[in-house]
Number of protein chains: 2
Amino acid sequence: MSNGQAIRMTESRKAILSVLGRTRAHPTADEVYSMVREDLPKVSLGTVYRNLDLLAKQGLIRTLASAGEQRRYDGMVDDHHHIRCEVCGRMDDIEVGNAELLDELIIDGRGYDVHGYTLCFSGVCREYAGNGKSHEQNGKGQGE
Amino acid sequence: MSNGQAIRMTESRKAILSVLGRTRAHPTADEVYSMVREDLPKVSLGTVYRNLDLLAKQGLIRTLASAGEQRRYDGMVDDHHHIRCEVCGRMDDIEVGNAELLDELIIDGRGYDVHGYTLCFSGVCREYAGNGKSHEQNGKGQGE
DNA sequence: GCACTAATCGGAACCATTCCCAGTTTGTGC
DNA sequence: GCACAAACTGGGAATGGTTCCGATTAGTGC
Ligand SMILES: [Mn+2]
Ligand SMILES: [Mn+2]
Ligand SMILES: [Zn+2]
Ligand SMILES: [Zn+2]
């Protein structure tokens with residue numbers, strides 16, 4: 001998905017890549033911001049947003065934008081899927097067995113030129129299990 | 001997915017249901033707002049939002065909240081899937097062949113109590129086909 | 001009609017993200 | 001190293017979808 005020509009690799013971009021490279025947590029922009037500031041105390045939030053966008057367009061990171069939630073970013077660009085906790089909003093990687101089945105999906109695209117799809121699971125993470133409240137606490141449920 | 005006890009069916013709620021019942025377009029909140037105002041010229045946007053939420057919690061409508069985009073609402077509550085145009089943002093229903101394959105997906109939930117999943121396709125609608133710009137025009141690409 | 005509650009209105013507040021711009025850094029050609 | 005243009009940056013204001021709040025209205029049971 002690398003787009004356009006290569007961009008200059010500035011300090012802030014290196015720092016962002018490094019942050020995303022060493023966490024498994026799918027941080028939000030402001031989490032990336034505060035982590036980057038440990039190394040480069042003067043970066044601005046705007047720069048972090050701008051560069052997260054750029055890096056994503058280059059295909060060097062991935063953007064996880066789910067359902068009315070704050071955007072999250074992922075340093076792992078290989079194809080994989082995610083699950084979001086409906087209670088606390090955290091996102092984790094998941095393993096999908098039979099993943100190859102997904103490519104068998106044949107759709108009537110209604111005249112669309114179909115580019116891809118998004119598959120995201122939802123549930124409740126271990127930490128909040130047993131909290132099975134029916135009323136919402138945080139996330140907006142299933143989104144789609 | 002009907003939640004809580006039944007709500008009173010006020011004029012504005014009936015109007016919203018009616019609007020969503022007779023369109024296939026998956027309108028946004030402000031589109032619903034202006035359509036409802038053709039019948040009830042005094043409804044406020046806040047009321048529309050509040051009631052869209054309520055009706056969704058009742059399971060009478062569905063919320064389509066995709067990737068940093070404005071939320072959309074769907075009067076069709078039976079299970080089906082969608083595709084979003086990356087250029088203009090419109091959303092349409094799609095037919096997924098082999099839909100039953102989706103239930104075969106076995107995942108390692110990483111300790112999550114898995115509730116469901118979201119599957120949304122992306123592409124370019126007929127109206128904007130041939131416009132295959134590589135630079136973004138509108139949507140944020142794939143989201144997830 | 002009266003009391004009590006739920007629903008609504010209108011507008012302000014919220015907040016993640018984007019935009020703007022003056023100043024700085026970087027790359028390039030000499 | 002020097003000059004110049006292009007790319008990048010910080011800081012702060014603007015944006016816009018959504019939520020929140022105080023005041024008003026409509027409904028319901030008596
Ligand atoms: Mn991931
Ligand atoms: Mn639909
Ligand atoms: Zn959780
Ligand atoms: Zn389109």
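Below, chains carry the letters A, B, ... as their sequence lines are ordered, and counting in each starts from 1. Worth knowing before you read on, the calculation uses all heavy atoms, side chains too, and leaves out hydrogens, waters and symmetry mates.
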Asks: To the nearest Å, give me how far apart CD (A:Glu31) and P (C:dT17) are.
Replies: 11 Å
Asks: What is the bend of the helix from C:dG1-D:dC30 to C:dC30-D:dG1 when you compare the axis at one end with the axis at the other, using five pairs each and rounding to 10°?
Replies: 30°
Asks: According to a hydrophobic-cluster definition based on side-chain heavy atoms being under 4.5 Å apart (Ile, Leu, Val, Met, Phe, Trp, Tyr only), do A:Val32 and A:Val77 belong together?
Replies: no
Asks: Rounded to whole angstrom units, what separation is found between the CE atom of A:Met9 and the C1' atom of C:dT25?
Replies: 16 Å
Asks: Does B:Thr23 have any side-chain hydrogen bond (donor to acceptor under 3.5 Å, both in side chains) partners at least two apart in sequence or in another chain, and if so, which?
Replies: none
Asks: Rounded to whole angstrom units, what separation is found between the CG atom of A:Asp30 and the P atom of C:dC15?
Replies: 12 Å
Asks: Take the protein atom OH of B:Tyr33 and the nucleotide atom P of D:dG17, then report the distance between them rounded to whole Å.
Replies: 13 Å
Asks: Measure CG/B:Leu52 against P/D:dG17 and give the value in whole Å, please.
Replies: 15 Å
Asks: Do any of residues 38-45 of chain A sit with a heavy atom less than 4.0 Å from DNA chain D, and if so which?
Replies: A:Lys42, A:Val43, A:Ser44
Asks: Any side-chain N or O of B:Tyr49 less than 4.0 Å from the OP1 or OP2 oxygen of D:dT18?
Replies: yes
Asks: Using 0.5 Å steps for rounding, measure from the OH atom of B:Tyr117 to the SG atom of A:Cys120.
Replies: 13.0 Å
Asks: Provide, to the nearest angstrom, the distance between the CZ atom belonging to A:Arg37 and the C1' atom belonging to D:dT9.
Replies: 13 Å
Asks: Report the residues that fulfil side-chain hydrogen bond (donor to acceptor under 3.5 Å, both in side chains) with A:Arg90, sequence neighbours left out, ordered by chain and then residue number.
Replies: A:Asp92
Asks: Taking the side chain from B:Arg71 and the backbone from B:Thr63, do they hold a donor-acceptor pair closer than 3.5 Å?
Replies: no
Asks: In this structure, how many angstroms lie between the P atom of D:dT9 and the CD atom of A:Glu11, rounded?
Replies: 10 Å
Asks: For the atom pair CD (A:Glu86) and NE2 (B:His115), what is the distance rounded to the nearest 0.5 Å?
Replies: 5.5 Å
Asks: Do B:Ser34 and B:Arg37 get their side chains close enough for a donor-acceptor pair, meaning under 3.5 Å?
Replies: no
Asks: Just to verify, what does A:Arg22 make a side-chain hydrogen bond (donor to acceptor under 3.5 Å, both in side chains) with, not counting sequence neighbours?
Replies: A:Ser18
Asks: Between C1' on C:dA16 and CD on B:Gln70, what's the gap in Å once rounded to a whole number?
Replies: 15 Å
Asks: I'd like to know if the side chain of B:His82 pairs up with that of B:Asp93 as donor and acceptor (distance under 3.5 Å, no hydrogens or angles considered).
Replies: yes
Asks: Quick one, B:Glu11 and B:Leu40 - any side-chain contact, counting heavy atoms below 4.5 Å?
Replies: yes
Asks: Counting distance only, does the side-chain N/O of A:Arg72 pair as donor-acceptor with the main-chain N or O of A:His26 below 3.5 Å?
Replies: yes
Asks: Within the sub-3.5 Å range, which N or O atoms of nucleotides 5-8 of chain D have a protein N or O partner, and how far apart are they?
Replies:
residue, atom, partner, partner atom, Å
D:dA7, O4', A:Arg8, NH2, 3.2
D:dC8, OP1, A:Arg13, NH1, 2.7
D:dC8, OP1, A:Arg13, NH2, 3.3

